[in-house]
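Protein chains get the first letters and strands the later ones, always in sequence-line order, with residue 1 at the start of each.
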Amino acid sequence: MPEVRFWLLDVMDAGEAVDLWGLGEDGRRLMIEVPFRSYFYLVPSSDYVKVKGAQEVDMFRMGKRVRCLRVEAQDDPSKEAEEMMSRGLGDAYGYDIRRSDLFLISTGLRPSAWTAAEAERVSSGAYDVYRSTGPPRSLEDRKDVPRIRILSFDPIYISRNASPRPERDPVAAVSIYDGSSAKTIAGDEQYVLRSFVEEVMRADPDVILGFQSNRVHWNYLSRRAENSGLRFSLGRDGSEPHGSVYGHVSIRGRANVDLSEFVDEVPEVKLERLEELSKYLGIEAPREAPEYFEIGELWEKDRRKLVEYFEWRVRAMFDVFSAISDYVFNLSSITGLPPDHVLTAATGFKVENYLMRFAELEARELIPPRKETRHVTYQGGIVLQPKPGLHRGIAVLDFKSMYPSIIIKYNISLETVDEGGSLRSGPPGFLPRALRRLLDERSRAREEEARYPEGSSERKVLDAKQRALKRIANATYGYTGWSGARWYAPHVAAAITAKGREVISSVISKAGEMGLEVIYGDTDSVFVSHDEGKVRELLRWVEESLGLEVKLEKIYRGVLFTEAKKRYAGITEDGELDVVGLEAVRGDWSEVAKRAQMNVLEVLLREESPERAEETAREWIRRVRAGNVPLKDLIIWKQLTKPIDEYEATAPHAVVAREMREKGWDVRIGDKVGFIVVKGAGKLHERVKPYFEVTADQVDWDYYAEKQVAAACGRVLEAVGVDESKLLSASKGMSLEEFFGK
DNA sequence: TGTAGGCAAAATCCATGCGACGT
DNA sequence: ACGTCGCATGGATTTTGCCT
């Protein structure tokens with residue numbers, strides 16, 4: 001029988017079989033049908049329990065060997081397993097895993113990686129169809145990525161002074177880009193939608209890129225297509241996009257990637273906009289991008305400019321994808337989640353999918369069913385009270401991957417921690433073994449990476465791989481404390497943090513004994529006076545007596561602390577400024593306050609002149625009082641974290657969101673609401689307006705001077721003995737009213 | 001379809017107390 | 001003498017977004 005080799009793109013449930021979609025070695029696209037039956041394990045309640053057709057197998061439960069029955073499901077494994085349990089036949093495992101997931105978990109096939117299968121060709125057309133004649137297997141050693149065809153798209157909807165709504169507003173145009181030239185299909189809506197479908201079928205992409213496509217566009221376009229009686233055939237087999245589990249949209253035979261979801265992987269990007277993401281990745285973005293509320297107007301007044309912008313967007317999506325695709329594909333093959341699902345899936349599910357694969361394929365550990373469990377909190381890391389002021393010559397030491405290392409070193413796992421929290425000795429547990437594999441693979445990737453020349457594509461791929469492995473390893477501790485996890489184990493999470501507190505405490509005491517001054521510390525880090533010899537000795541001591549790796553992360557020429565934990569700013573020997581936790585790095589402060597604070601910190605740390613820093617702050621306050629700041633620097637962005645009507649307190653951003661909703665703007669959970677504070681009486685929430693409605697004469701400049709700029713600057717100046725009130729009073733200058741009022 | 005806990009800060013909420021005022 | 005209205009005050013609560 002001939003063997004077909006292909007790069008696995010997606011898996012689809014097909015009743016008695018699963019359909020594997022892939023890119024063939026010969027460059028042709030293909031679909032292979034593989035027969036597959038769902039199955040689950042039953043730990044029988046007694047030796048007399050028999051299940052027809054079931055196979056006896058040895059598995060492990062919490063590290064203990066158990067005899068199990070592997071039961072092939074006739075139809076619905078959940079129903080059949082639950083029925084057996086209710087009849088008292090035993091406990092069932094692995095019955096609530098989606099078929100396509102179970103297929104990947106049990107066969108060890110990896111999406112976004114090479115696969116081989118014995119198969120016969122059934123038909124040949126736009127893509128080849130095969131039927132497998134033997135079990136497919138993963139080609140673990142093959143690491144190249146085939147040439148992938150990509151198409152990006154971005155639709156333009158038209159509505160005036162409100163968000164477009166699919167039941168009302170038509171699709172005016174769709175910009176697309178296939179790597180050669182961007183174009184925009186415009187005209188009558190029927191024509192636009194039909195041409196879009198034709199373009200997709202003609203380009204036949206493996207990956208379709210969009211921004212907010214899962215949340216907005218597929219639903220919008222599908223509804224408009226339905227509305228005009230058009231079949232929206234975008235799948236390789238001509239099927240329409242369909243809602244998959246949890247808000248993700250599936251397009252058969254292609255990977256539907258919503259790039260906006262990548263923002264969750266990058267905490268540095270504070271606003272979920274293509275411009276922000278592009279800038280972060282070093283992709284050129286237009287200096288003045290139109291905002292969503294201007295689109296309707298621009299379509300009427302300056303269509304050329306609008307189209308130019310949308311064509312920039314589809315090209316930028318291409319660039320974004322080429323910057324992140326190695327990472328996405330690696331994350332996909334490590335976790336076993338298909339490339340279009342892996343960004344949509346929350347962290348916990350990424351970890352869980354990896355653990356399930358490890359459980360079934362390597363540990364032979366039974367996979368517990370997901371159940372609703374009450375959330376239990378437990379104690380976390382130690383945070384030291386910082387010594388306030390400006391310190392010179394400070395070394396920052398931190399543990400390398402502290403929690404993963406602790407889990408492995410102290411063998412902390414479900415099998416080794418009892419409910420009381422005490423540790424038992426025993427063979428390496430499930431969690432440590434699963435982590436060990438991730439970390440070993442990561443070291444291998446890093447070693448291999450070093451063998452390739454800087455800038456080579458191999459190096460880039462391996463770097464993406466090691467980052468993806470680190471991401472999963474670091475999230476594993478948190479996973480054990482997540483009440484939604486299959487392997488939810490708060491006592492295990494608590495044992496991990498307890499060990500963490502123990503080791504960091506011993507480092508702190510040792511540093512003190514050695515005569516190093518400890519300035520601050522948080523969870524896995526300590527800030528100490530930088531005495532080179534002693535620091536080196538301390539590092540050696542930690543590695544020898546604790547068996548954990550600590551590194552000299554940074555040396556600050558100067559570092560500034562206030563009395564607050566988790567907030568500081570430092571300057572390194574080579575003049576690089578770090579700002580941590582302070583307003584300047586927060587997404588919910590106005591740009592003017594952030595810039596002013598950053599400016600003050602620069603003067604404080606670079607010039608070490610509190611006087612000049614104070615003067616800098618005064619200048620900013622004067623500028624703001626004079627109203628000499630562009631409006632966009634006054635916007636305060638806050639995320640809507642729940643439905644507008646569920647807020648117990650009258651939060652300013654919720655008030656603005658409600659107002660926007662009433663005017664027809666689509667404001668949803670997760671959206672960031674931008675507002676500006678305007679003049680007026682009463683509470684703050686009575687003086688806020690959507691940022692795009694505010695004019696300069698309405699702005700409450702005093703609010704920005706006092707509650708934003710002075711507050712942010714005062715916070716850092718307080719560390720060098722300058723009082724915020726002094727900052728305000730001296731620069732305020734008495735108004736005439738105040739003067740005569742006295 | 002939610003990795004975790006620890007933390008700062010702002011705005012709002014709410015109980016409390018005080019004085020002024022009317023009956 | 002008593003009730004209550006308005007207002008200030010200060011602590012508790014709500015909310016967000018950061019750090020590791």
Side-chain angles (χ1 to χ4, degrees), chain A residues 98 214 244-248 261 264 267-268 270 337 341-355 370 373 375-386 396 398-399 401-403 471-485 487-490 492-494 496-498 500-501 504 520-526 553 562-568 578-589 593 636-642 646-655 670 672-673 677 682-688 703 706-708 711-712 714-715:
Chain A
R98 288 199 314 141
N214 277 336
S244 172
V245 267
Y246 66 100
H248 175 259
E261 288 163 351
D264 293 341
E268 291 92 330
K270 315 266 185 213
L337 294 162
H341 271 70
V342 76
L343 289 184
T344 314
T347 304
F349 293 90
K350 293 188 185 111
V351 173
E352 187 156 273
N353 228 73
Y354 167 73
L355 289 178
R370 190 184 307 289
T373 315
H375 180 80
V376 181
T377 54
Y378 56 88
Q379 205 182 336
I382 289 177
V383 190
L384 295 186
Q385 193 62 52
V396 182
D398 62 21
F399 283 92
S401 309
M402 187 199 232
Y403 288 158
R471 166 96 163 80
I472 302 301
N474 283 345
T476 304
Y477 143 70
Y479 171 83
T480 62
W482 170 45
S483 53
W487 282 284
Y488 178 45
V492 171
I496 298 165
T497 55
R501 293 192 297 275
I504 198 73
Y520 177 63
D522 185 349
T523 312
D524 65 350
S525 70
V526 274
E553 171 71 23
T562 66
E563 264 144 39
K565 297 169 175 180
K566 296 186 186 278
R567 315 181 124 225
Y568 58 88
D578 276 346
V579 179
V580 180
L582 292 164
E583 285 74 7
V585 296
R586 290 180 64 95
D588 59 347
W589 280 72
I636 295 166
W637 293 95
K638 273 194 159 69
Q639 196 188 170
L640 208 62
T641 59
K642 50 183 155 185
E646 279 176 26
Y647 279 89
E648 286 177 50
T650 320
H653 70 298
V655 171
K672 292 242 159 84
V673 181
V677 179
K683 298 218 164 79
L684 186 67
H685 64 75
E686 296 168 287
R687 301 187 281 121
V688 288
Y703 174 86
E706 291 163 23
K707 302 287 179 133
Q708 290 274 316
R715 192 110 51 227

Starting at atom [atom1] of [X], determine the distance to atom [atom2] of [N], rounded to an integer number of angstrom.
X	N	atom1	atom2	answer
A/K270	C/dC19	NZ	C1'	11 Å
A/I636	C/dT15	CD1	P	18 Å
A/K638	C/dC18	NZ	C1'	12 Å
A/K672	C/dG17	NZ	C1'	9 Å
A/K642	C/dT15	NZ	C1'	7 Å
A/Q639	C/dG17	CD	P	5 Å

Next item on the list: Please say whether more than 12 non-hydrogen atoms of neighbouring residues, nucleotides or ligands are located less than 6.0 Å from NZ in A/K707.
Entry: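 Incorrect, the count does not exceed 12.
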Notebook entry, point to check: Charged N to carboxylate O under 4.0 angstrom, A/D522 versus A/K565?
Noted result: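 Here A/D522 does not pair with A/K565 in a salt bridge, since their nearest N and O are not under 4.0 Å apart.
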Have a look at [X] and say if it touches a base, only the backbone sugar-phosphate, or nothing, with a 4.0 Å heavy-atom cut-off.
X	value
A/Y403	nothing
A/Y568	sugar-phosphate
A/H375	sugar-phosphate
A/K350	nothing
A/T347	base
A/T377	sugar-phosphate
A/Y703	sugar-phosphate
A/E352	nothing
A/G587	sugar-phosphate
A/A345	base
A/G478	base
A/H248	nothing
A/R567	sugar-phosphate
A/A564	sugar-phosphate

Notebook entry, point to check: Between A/V383 and A/T480, which has a closest nucleotide on DNA chain B that is more 5'?
Noted result: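 This one resolves to A/T480.
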Item checked: Upstream residue (5' side of DNA chain B) when A/W482 and A/V376 are each assigned their closest nucleotide -> A/W482
Check: Between atom CH2 of A/W589 and atom CG of A/L582, what is the distance when rounded to the nearest 0.5 Å?
Finding: 10.5 Å
Note to self: As an exercise, state the distance from CG of A/L337 to CD of A/E352, rounded to the nearest 0.5 Å.
What the structure shows: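 The CD atom of A/E352 is 10.0 Å from CG of A/L337, to the nearest 0.5 Å.
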Side-chain donor/acceptor of [X] to backbone N/O of [Y], under 3.5 Å:
X	Y	answer
A/Y568	A/G581	no
A/K350	A/A345	yes
A/H653	A/Q639	yes
A/Q385	A/E563	yes
A/K672	A/K270	yes

Next item on the list: Check the angle between the aromatic planes of A/Y477 and A/Y378 and answer parallel, tilted or perpendicular using the 30° and 60° thresholds.
Entry: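 Perpendicular: the ring planes of A/Y477 and A/Y378 meet at over 60°.
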Note to self: Taking any atom closer than 4.0 angstrom to a non-hydrogen atom of chain A, what span of DNA chain B does the protein reach, first nucleotide to last?
What the structure shows: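 Using the under 4.0 Å cut-off, the span is B/dT1 to B/dC13.
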Item checked: Overall bend - the helix from B/dA4-C/dT20 to B/dT23-C/dA1, comparing terminal axes fitted on five pairs, nearest 10 degrees ->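 If I round to tens, the end axes sit 20° apart.
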Item checked: Set of side-chain hydrogen bond (donor to acceptor under 3.5 Å, both in side chains) partners for A/R715, sequence neighbours left out ->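 Result, side-chain hydrogen bond (donor to acceptor under 3.5 Å, both in side chains) vs A/R715: A/E583.
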Note to self: With a 4.0 Å limit, can you tell me whether A/H653 has a side-chain N or O closer than that to the phosphate oxygens OP1/OP2 of C/dT15?
What the structure shows: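 No, A/H653 has no side-chain N/O under 4.0 Å of OP1/OP2 on C/dT15.
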